[in-house]
Amino acid sequence: MFTADVWAKPGSKRAAVGGTHDGMLVVRVSAPASQGAANTAIRKALASALGVRTNQVEIVSGATGRGKRIVVDASADDIAQRWQQLLDG
């Protein structure tokens with residue numbers, strides 16, 4: 001299991017994962033922040049960027065805010081390496 005914090009940017013022109021905001025990985029999604037649409041898009045974007053299935057990514061806190069804590073149900077070592085690459089841009 002891998003746990004980390006992300007900073008959500010719903011309503012972006014295009015989806016992208018990378019960069020930092022206050023030390024958190026930035027996840028941009030085009031979905032609006034209403035009725036959970038952005039959270040679903042964030043899970044999909046993270047799964048794609050990390051090379052895991054969407055159901056392996058869970059938002060465990062911050063569902064209604066921009067700062068979110070996520071858990072990835074995969075090898076922490078593998079995910080940590082890819083996470084650092086995403087943080088670096």
Trainee: If hydrophobic residues (ILVMFWY) are linked whenever their side-chain heavy atoms come closer than 4.5 Å, directly or via other members, who joins Val60 in its cluster?
Mentor: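 Joined to Val60, directly or through intermediates: Met1, Val71.
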Trainee: Going by the ring pair (Phe, Tyr, Trp, His ring centres under 6.0 Å) test, which pairs reach into residues 29-71, not counting sequence neighbours?
Mentor: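 Residue pairs with at least one partner in residues 29-71: there are none.
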Trainee: Rounded to the nearest 0.5 Å, what separates atom CZ in Arg82 from atom CG in Leu87?
Mentor: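 The distance works out to 10.5 Å.
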Trainee: Output the distance between atom CD (Glu58) and atom OG1 (Thr3), rounded to the nearest 0.5 Å.
Mentor: 9.5 Å
Trainee: Please name the pair of heavy atoms, one in Ile42 and one in Ala8, separated by the smallest distance, quoted to 0.1 Å.
Mentor: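 Taking every non-hydrogen atom into account, CD1-CB, 3.4 Å.
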Trainee: Between Pro32 and Pro10, what is the shortest heavy-atom contact and its length?
Mentor: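 Distance-wise, the nearest heavy atoms are C-CB, 4.3 Å.
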Trainee: Of all heavy-atom pairs between Lys9 and Val26, which one has the smallest distance, and what is that distance?
Mentor: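 Here Lys9 and Val26 meet closest at CD-CG1, 3.9 Å.
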Trainee: Within the side chain of Gln81, is there an N or O that forms a donor-acceptor pair under 3.5 Å with the backbone of Asp78?
Mentor: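 No, the answer is negative, given that no donor and acceptor are paired below the 3.5 Å cut-off.
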Trainee: Which heavy atom of Ala45 sits nearest to which heavy atom of Val27, and what is that distance?
Mentor: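 That closest heavy-atom pairing would be CB-CG1, 4.1 Å.
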Trainee: How close do Arg14 and Arg28 get, heavy atom to heavy atom, and via which atoms?
Mentor: O-CB, 3.9 Å
Trainee: Got a sec, which pairs hit ring pair (Phe, Tyr, Trp, His ring centres under 6.0 Å) with one end in residues 8-45, sequence neighbours left out?
Mentor: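 Every pair satisfying ring pair (Phe, Tyr, Trp, His ring centres under 6.0 Å) with a residue in residues 8-45: Trp7-His21.
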Trainee: How about Gln84 and Asp88: does a side-chain donor come under 3.5 Å of a side-chain acceptor?
Mentor: yes
Trainee: Can you tell me which residue among Ile70, Val17, Thr20 is in a side chain to side chain contact (heavy atoms under 4.5 Å, CB included) with Leu25?
Mentor: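 Going through Ile70, Val17, Thr20 one by one, the side chain to side chain contact (heavy atoms under 4.5 Å, CB included) with Leu25 is satisfied by Val17 alone.
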Trainee: Please enumerate all residues that pass side-chain hydrogen bond (donor to acceptor under 3.5 Å, both in side chains) together with Asp22, with sequence neighbours excluded.
Mentor: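 So Asp22 forms no side-chain hydrogen bond (donor to acceptor under 3.5 Å, both in side chains) with any residue.
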Trainee: Name all pairs fulfilling the salt bridge (charged side-chain N to carboxylate O under 4.0 Å, His left out) condition that reach into residues 60-71, sequence neighbours left out, sorted by first residue then second.
Mentor: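 Matches after skipping sequence neighbours: Asp5-Arg69.
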Trainee: State plainly whether one hydrophobic cluster holds both Leu86 and Ile59, where clusters connect Ile, Leu, Val, Met, Phe, Trp and Tyr through side-chain heavy atoms under 4.5 angstrom apart.
Mentor: yes
Trainee: Main chain of Val72, side chain of Gln56: is a donor-acceptor contact present, judged purely on distance under 3.5 Å?
Mentor: no
Trainee: How long is the straight-line distance from CG of Asn55 back to NZ of Lys44, given to the nearest 0.5 Å?
Mentor: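 Those atoms lie 12.0 Å apart.
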Trainee: Which pairs count as ring pair (Phe, Tyr, Trp, His ring centres under 6.0 Å) when at least one residue sits in residues 67-89, sequence neighbours excluded?
Mentor: Phe2-Trp83
